[in-house]
Protein chains: 2
Amino acid sequence: MKTNNSNHGLPDGGLVPIRTLSNLTGVNSVTLRAWERRYELIKPIRTPKGHRLYTMADVDLINQVVTLLGNGMSIGQIRQVLETDKARPEPVREPATAFSPWLNYQDRLLRAIVAFDDGELSEVYHEVLSLYPVDIVTHRLIMPLLRELGERWAQGSGSIAEEHFFSVFLRNKLGARFHHLSRNRQGPKLLAACLPGEQHEVGLLLFALAALDRDYQVLLLGPNTPLLELPPVVERVAVHAIVLSGSADIAATVVEQELLPLCRAVAMPVFIGGRITDRCLDAITAAGAVPLGDDLNLALRGIDAMLARC
Amino acid sequence: MKTNNSNHGLPDGGLVPIRTLSNLTGVNSVTLRAWERRYELIKPIRTPKGHRLYTMADVDLINQVVTLLGNGMSIGQIRQVLETDKARPEPVREPATAFSPWLNYQDRLLRAIVAFDDGELSEVYHEVLSLYPVDIVTHRLIMPLLRELGERWAQGSGSIAEEHFFSVFLRNKLGARFHHLSRNRQGPKLLAACLPGEQHEVGLLLFALAALDRDYQVLLLGPNTPLLELPPVVERVAVHAIVLSGSADIAATVVEQELLPLCRAVAMPVFIGGRITDRCLDAITAAGAVPLGDDLNLALRGIDAMLARC
DNA sequence: GCAATTTGTATATTTTTTGTATAATTAAAC
DNA sequence: GTTTAATTATACAAAAAATATACAAATTGC
């Protein structure tokens with residue numbers, strides 16, 4: 001059996017130079033060499049003349065390192081994982097400020113999450129969706145809840161495990177819904193993917209569902225997609241626009257370096273959604289892409305307008 | 001139009017001069033000669049006076065090279081890839097199962113993936129799962145297909161985007177199946193998560209489904225879970241064992257540093273599955289965890305035995 | 001607060017890679 | 001014969017990558 005567990009892994013001999021590793025991970029090649037020199041994170045094969053050659057497993061590894069960095073771990077600690085300095089402030093309850101059915105649902109969901117109760121989670125989810133359309137639920141319940149969870153986590157009163165638990169649940173539910181709704185579709189097709197380094201897919205799925213609701217087709221490529229991979233895709237499949245999603249903590253350098261080549265390579269609008277639009281507005285517009293902001297309905301309306309113009 | 005069929009069109013066995021190869025591949029003829037001289041990429045037949053004559057196989061070869069270049073490989077390395085590729089043409093061809101339905105399914109799935117055809121993907125998937133149990137499908141179809149996708153990438157005929165597309169599809173389908181099967185469950189409860197840094201969730205989902213099939217409950221925490229997050233979870237929810245999945249190199253370091261504290265903090269068996277078990281067997285057992293290996297059925301049997309003993 | 005460390009990046013310099021250009025010669029085409 | 005195309009061989013320039021040093025911002029220790 002092949003010693004290759006990574007899905008896109010490359011068997012022996014398929015080696016890439018440092019520029020490709022840099023492109024696929026968004027990490028500066030100088031930094032990659034520094035990591036190797038300082039922490040021996042990776043020891044790539046060398047050509048007879050000393051040039052480094054990396055496997056796709058190395059690509060995975062660096063992406064994981066990037067993720068761990070994003071999780072707050074410092075690069076030096078990733079090698080010798082000595083954490084334990086996790087300051088754990090005591091829980092602080094956030095006071096409720098207003099009353100609405102959504103607050104009640106949000107409270108039930110929150111309790112289910114804290115209890116890691118998959119059954120209750122499903123029950124509330126299906127109850128809500130049998131009463132309200134998905135975009136309303138998204139806007140009034142899911143988004144606020146994700147924000148709430150984020151704040152809980154930031155304040156140290158929630159755990160990463162809770163966020164994981166709910167993310168997996170939500171992603172699976174939304175993913176199932178997406179594939180169910182995707183069948184036998186007409187309408188203009190959007191290619192949807194997360195920016196390189198972005199692992200959180202829920203925002204993209206919510207967008208995809210909203211787009212399906214507006215009679216688009218959606219080709220979903222998921223998290224952490226190298227932008228260089230997209231031009232071959234749009235050559236093979238007829239899509240009308242590309243929509244990329246990224247949260248705030250995506251490396252801005254990725255946007256600056258990869259977005260412009262992408263926009264030049266494809267003859268269609270490239271939209272950027274998510275919180276990253278707040279931080280890299282200039283770079284996005286400079287590259288010729290269209291920022292969408294964080295509001296799904298506004299974003300869809302923007303896409304409608306742009307595609308109608310073309 | 002090629003009016004001259006005797007000398008220039010496709011005469012002796014379809015041999016073409018270098019300008020035709022250049023036209024068909026888009027590679028400058030000077031460059032083609034340089035590749036031949038520097039890397040011995042191709043050795044064309046020569047006319048008595050030394051002019052190069054290429055076969056259509058050479059055209060395919062150069063196109064393959066161009067694709068590999070597009071995938072980020074450097075020209076100096078491609079030669080070695082082609083050599084190893086040539087040295088091992090097609091050693092294993094699924095012995096004696098020429099009419100196995102799995103090859104047919106795999107072919108249909110592969111075509112759907114290459115075409116980014118979500119609908120066809122769903123159709124084949126549901127057709128297969130209506131005929132065979134999920135563990136058989138996993139073993140005979142999904143796993144070989146993932147390997148095949150890896151091979152395609154190495155040969156320059158596939159892309160990371162294809163792998164993303166299929167991963168997202170598969171993960172959503174398996175996730176939906178998981179939540180569907182999770183409802184109203186009895187039986188001992190397992191906490192399942194990916195090791196820190198591990199982003200590939202398909203293996204964990206396959207395990208979770210296999211566990212449900214054996215009347216376990218599964219609490220699924222998903223990819224990239226910090227091990228220090230787990231003790232608070234098992235204090236809050238009654239679980240009988242923890243199952244962690246990992247494949248990547250980074251997990252090797254993490255295992256050594258984080259696994260021991262986890263095993264000490266929780267009073268229950270901690271299992272480790274996936275390819276990480278091959279690489280870190282000593283560290284895993286030293287920390288007091290139980291390695292499970294890469295085979296789902298064997299892993300489940302091991303968990304059965306261990307839990308029966310407790 | 002201040003010094004020490006960490007860490008990503010910048011810079012300088014050299015070497016390697018790689019596509020293309022050029023020149024001189026020969027072969028093929030018309 | 002003239003023109004076009006292909007050959008070999010050398011050369012060149014831009015890009016990429018190597019090593020080594022330096023630096024600024026941030027974090028940490030005391």
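Residue numbering restarts at 1 for every chain, and letters A, B, ... go by the order of the sequence lines.
- Going from atom CD of A:E36 over to atom P of C:dT9 covers 17 Å, rounded to whole Å.
- When the C1' atom of C:dT15 is taken as reference, atom NZ of A:K49 falls 9 Å away, rounded to whole Å.
- If you measure from atom CG of A:L15 to atom P of D:dA17, you get 14 Å, rounded to the nearest angstrom.
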Item checked: CA sep, side-chain torsions, deciding dist, call: B:E201, A:R171, salt bridge (Lys or Arg N to Asp or Glu O under 4.0 Å) -> CA-CA 12 Å; B:E201 205 179 341; A:R171 208 205 45 208; 2.8 Å; yes
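- What separates CG of B:L32 from P of C:dG19 is a distance of 10 Å, to the nearest Å.
- One atom, CZ of A:R46, and another, P of C:dT15, lie 16 Å apart when rounded to the nearest Å.
- Taking only distance into account, the side chain of A:R33 never meets the base of C:dG8 through a donor-acceptor pair shorter than 3.5 Å.
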Next item on the list: Please report the C-alpha distance between B:E36 and B:R79 in whole Å, then the side-chain angles of each, then the deciding distance to 0.1 Å, and finally whether the salt bridge (Lys or Arg N to Asp or Glu O under 4.0 Å) criterion is met.
Entry: CA-CA 10 Å; B:E36 178 185 341; B:R79 169 184 165 220; over 6 Å; no
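- In this structure, the nucleotide among C:dT16, C:dT18, D:dA18 sitting nearest to the side chain of B:S74 is C:dT18.
- Atom-to-atom, CG of B:L53 to P of C:dA27 comes out at 15 Å; the value is rounded to the nearest Å.
- There is no side-chain donor-acceptor pair under 3.5 Å between A:H164 and A:E162.
- Of the candidate nucleotides D:dT8, C:dT16, C:dA21, C:dT16 has the atom lying nearest to any side-chain atom of A:H51.
- Of the candidates C:dT16, C:dT18, C:dG8, the closest approach to any side-chain atom of B:Y39 belongs to C:dT18.
- Checking A:R37 against A:P17, the closest nucleotide of DNA chain D that is more toward the 5' end is the one next to A:P17.
- Residue A:R38 places its side chain closer to D:dA22 than to any other of D:dA22, C:dT20, D:dT8.
- At distances below 3.5 Å, not a single donor-acceptor pair connects side-chain atoms of B:T31 with backbone N or O atoms of B:V27.
- Along DNA chain C, the nucleotide closest to A:R19 and the one closest to A:T31 are compared, and the more 5′ of them pairs with A:T31.
- Scanning both residues, B:P231 and B:L262, for their nearest heavy atoms gives CD-CD1, 3.8 Å.
- Here D:dT7 presents its P atom at 11 Å from CG of B:L21, a figure rounded to the nearest Å.
- Following rounding to the nearest Å, B:Q77 (CD) and C:dT16 (P) show an atom-to-atom distance of 15 Å.
- Taking 4.0 angstrom as the limit, B:R52 places a side-chain polar atom (N or O) nearer than this to OP1 or OP2 of D:dT7.
- Residue B:L69 is the one, among B:T47 and B:L69, whose nearest nucleotide of DNA chain C lies closer to the 5' end (criterion: closest heavy atom).
- The A:I18 side chain lies nearest to D:dA17 when the options are D:dT8, D:dA17, C:dA21.
- Side-chain proximity of A:I75 to D:dT19, D:dA5, C:dG8: nearest is C:dG8.
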